Amino acid sequence: MRYFNSVSLTEVLPGVHDMTGATKLPDDNWFFTAHEIPEGMRLAANENGEPVLTHITEQGR
């Protein structure tokens with residue numbers, strides 16, 4: 001099982017990082033298989049604390 005921190009938007013390693021607020025993710029979650037974020041997208045977290053890609057808006061640049 002792997003974990004994701006929805007505040008820092010990073011992987012959390014048990015025994016290394018603080019697990020407070022970490023969300024369990026299955027090993028086949030796209031976050032652990034993607035090598036880069038596609039152009040025009042950014043990493044975010046949904047209401048469940050899971051990683052999602054969202055479009056970058058002109059206002060958000």
Side-chain angles (χ1 to χ4, degrees):
M1 190 61 61
R2 300 184 81 177
Y3 300 87
F4 179 75
N5 181 311
S6 61
V7 175
S8 64
L9 303 176
T10 59
E11 181 177 7
V12 178
L13 302 173
V16 176
H17 300 113
D18 180 6
M19 296 294 292
T20 304
T23 302
K24 286 185 191 181
L25 299 175
D27 288 334
D28 64 351
N29 184 280
W30 71 269
F31 180 72
F32 301 111
T33 61
H35 294 285
E36 59 187 50
I37 297 173
E39 187 173 334
M41 305 292 279
R42 70 177 182 91
L43 184 60
N46 66 17
E47 60 278 350
N48 297 323
E50 301 164 336
V52 295
L53 292 176
T54 60
H55 290 281
I56 296 172
T57 63
E58 289 299 319
Q59 186 178 19
R61 286 187 182 185

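We use all heavy atoms of the structure for the numbers below, so side chains are in, but hydrogens, waters and symmetry mates are not. The model shown is predicted, which means the values in this text are computed figures rather than measured ones. Along the sequence shown, the residues carry numbers beginning at 1.
- With sequence neighbours excluded, no residue forms a ring-ring contact (aromatic ring centres under 6.0 Å, His included) with Y3.
- With hydrogens and angles ignored, the 3.5 Å screen pairs no side-chain donor or acceptor of S6 with any backbone N or O of A45.
- Both F4 and M41 are part of a single hydrophobic cluster, where members link through side-chain heavy atoms under 4.5 Å apart.
- Sorted pairs that involve residues 13-26 and meet salt bridge (Lys or Arg N to Asp or Glu O under 4.0 Å), not counting sequence neighbours, are lacking altogether.
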Donor-acceptor pairs are to be reported for all side-chain atoms of residues 9-16 against protein atoms at under 3.5 Å, with residues two or more places apart or in another chain.
| unit_1 | atom_1 | unit_2 | atom_2 | d |
| --- | --- | --- | --- | --- |
| T10 | OG1 | S8 | OG | 2.7 |
| E11 | OE1 | R2 | NH2 | 3.3 |
| E11 | OE2 | R2 | NE | 3.0 |
| E11 | OE2 | R2 | NH2 | 3.0 |

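- Applying the salt bridge (Lys or Arg N to Asp or Glu O under 4.0 Å) rule to pairs touching residues 30-43 yields nothing, sequence neighbours excluded.
- Taking N46 as the reference, N48, E50, V52 meet the side chain to side chain contact (heavy atoms under 4.5 Å, CB included) condition, with sequence neighbours excluded.
- Under a hydrophobic clustering in which Ile, Leu, Val, Met, Phe, Trp and Tyr are joined whenever their side-chain heavy atoms come within less than 4.5 Å, directly or via other members, W30 and L25 fall into the same cluster.
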